[in-house]
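Residue numbering restarts at 1 for every chain, and letters A, B, ... go by the order of the sequence lines.
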Protein chains: 2
Amino acid sequence: MDEEYMREALIEARKAYELGEIPVGAVVVKDGTIIGRGHNSRQRDQQVSSHAEMTAISQACAFLNSWRLDDCTIYVTLEPCPMCAGTIMQARISHVYFAAEDPKAGALGSVFDLSVVQGFSSYPIIHQGLLAREAKNIMDSFFAKMRDKRRKRTDEL
Amino acid sequence: MDEEYMREALIEARKAYELGEIPVGAVVVKDGTIIGRGHNSRQRDQQVSSHAEMTAISQACAFLNSWRLDDCTIYVTLEPCPMCAGTIMQARISHVYFAAEDPKAGALGSVFDLSVVQGFSSYPIIHQGLLAREAKNIMDSFFAKMRDKRRKRTDEL
């Protein structure tokens, strides 16, 4: 089932890809039901908080009419940044599955690991690497396309 | 001027107080103009991201039509949590002034300090303690009122 939910997160990532956004997707699941979905839409929205996880969490809060997401699991295609990891912990989400690592901004192990900082009131359990290759392929394909575009623009000058 | 902006953040905190929310307020300033304001409204909204800083930053992004808030300063009455500190860094905000410390969840020195974790692409300069007593007074008054209410409810049982 975890793989199935991560595939839903990958579907969200592809939506971001099609929109020209860095392709990250997320879903929030409670009791076997997807109660929130999101894809990165930061360029379109020009909102710093329009990361996939934030949108999925916001939908889940609206669905449950609760800012606390106890007993929920989030599946996300890229390791959360500090903003998203902080939001996950604030919401008391129980489990985080992330696919690809983010060496540039990852806050669950890559740059640092928020989930092992002592002193907070709630900690999720972290599961890393599920469908990581699929998630990384989408990212690599996106950045290759961006580089191509940039090269074409430079050639046209 | 910094004190004036922090007083605006305190006005926001009082709005939260009146609504029965933990009294935290924030303003975002660019070139001498307040471009975003917010107060904690998490209980009313039942949204985990309804912290004062998040609302003020969202308004500022909308005002500038940009998810990047370079050369902006945020004034907030309580030390930001990891979610808010992460958002501040994601938005490339230049300066953070916070009034009272938050020993339970503060991510700019109290529980840990996100602004000294090596490896991110942007760091704000942190200024701590401006009007801290005023901010702490509002918080103390709020929690005293909450305890009173709880005691009265218990007495009525």
Student: Between B:Ser58, B:Ser121, B:Ala91, who has the most heavy-atom pairs with chain A when the cutoff is under 4.5 Å?
Tutor: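 If we count pairs closer than 4.5 Å to chain A, B:Ser58 comes out on top.
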Student: Less than 4.5 Å apart, any side-chain heavy atom of B:Arg42 and any of A:Arg68?
Tutor: no
Student: Would the number of heavy atoms belonging to other residues, nucleotides or ligands and lying under 6.0 Å from NZ of B:Lys145 be above 12?
Tutor: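 Yes - once you tally the heavy atoms of other residues, nucleotides and ligands closer than 6.0 Å, there are more than 12.
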Student: State, with a plain yes or no, whether a side-chain heavy atom of B:Ser66 is found less than 4.5 Å away from one of A:Gln46.
Tutor: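 Sidechains of A:Gln46 and B:Ser66: in contact.
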Student: Contact between B:Phe120 and A:Val111 at the side-chain level, heavy atoms closer than 4.5 Å - yes or no?
Tutor: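 Yes. Closest side-chain heavy atoms under 4.5 Å.
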Student: Do A:Ile93 and A:Tyr5 sit in one hydrophobic cluster, given that two such residues count as connected whenever their side-chain heavy atoms are within less than 4.5 Å of each other, even indirectly?
Tutor: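 Per the 4.5 Å side-chain linkage, A:Ile93 and A:Tyr5 are co-clustered.
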Student: Going from CH2 on B:Trp67 to CD on A:Gln43, what distance comes out if it is rounded to the nearest 0.5 angstrom?
Tutor: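 B:Trp67 CH2 to A:Gln43 CD: 6.5 Å, rounded to 0.5 Å.
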Student: Out of curiosity, does A:Val24 fall in the hydrophobic cluster containing A:Met146 (side-chain heavy atoms, cut-off under 4.5 Å, transitive links)?
Tutor: yes
Student: If Ile, Leu, Val, Met, Phe, Trp and Tyr residues are connected whenever their side-chain heavy atoms lie under 4.5 Å apart, and connections chain through other members, are A:Leu114 and A:Phe98 in the same group?
Tutor: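 They do not share one cluster, since no chain of ILVMFWY contacts under 4.5 Å joins A:Leu114 to A:Phe98.
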Student: Please determine whether residues A:Leu131 and A:Met1 belong to a single hydrophobic cluster, defined as Ile, Leu, Val, Met, Phe, Trp and Tyr linked transitively by side-chain heavy-atom distances below 4.5 Å.
Tutor: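 Yes, same cluster.
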Student: Identify the two heavy atoms, one from A:Cys61 and one from B:Gln47, that lie closest to each other, and give their separation to 0.1 Å.
Tutor: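 Heavy atoms only, the tightest pair is CB-OE1, 3.6 Å.
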Student: Would you say that more than 12 heavy atoms from the other residues, nucleotides or ligands in this model lie under 6.0 Å from the NZ of B:Lys15, or not?
Tutor: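 Counting other residues, nucleotides and ligands, NZ of B:Lys15 exceeds 12 neighbours.
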Student: Quick one, A:Thr87 and B:Val48 - any side-chain contact, counting heavy atoms below 4.5 Å?
Tutor: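 A side-chain contact exists here, since the closest heavy-atom pair is under 4.5 Å.
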Student: Could you check whether atom NZ of A:Lys30 has more than 12 heavy atoms from other residues, nucleotides or ligands sitting under 6.0 Å from it?
Tutor: yes
Student: Are B:Tyr123 and B:Leu69 linked, directly or through intermediate hydrophobic residues, by side-chain heavy-atom contacts shorter than 4.5 Å (ILVMFWY only)?
Tutor: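 Result: no, two separate clusters.
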Student: A:His51, A:Met83, A:Met54: which one forms the most heavy-atom pairs within less than 4.5 Å of chain B?
Tutor: A:Met83
Student: Taking the side chain as every heavy atom from C-beta outward, state whether A:Pro82 and B:Met89 have any pair of such atoms under 4.5 Å apart.
Tutor: no
Student: Using non-hydrogen atoms only, which part of A:Ala62 is less than 4.5 Å away from chain B: side chain, backbone, both, or neither?
Tutor: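 Both parts, backbone and side chain.
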Student: What part of B:Ala85 lies closer than 4.5 angstrom to a heavy atom of chain A: side chain, backbone, both or neither?
Tutor: neither
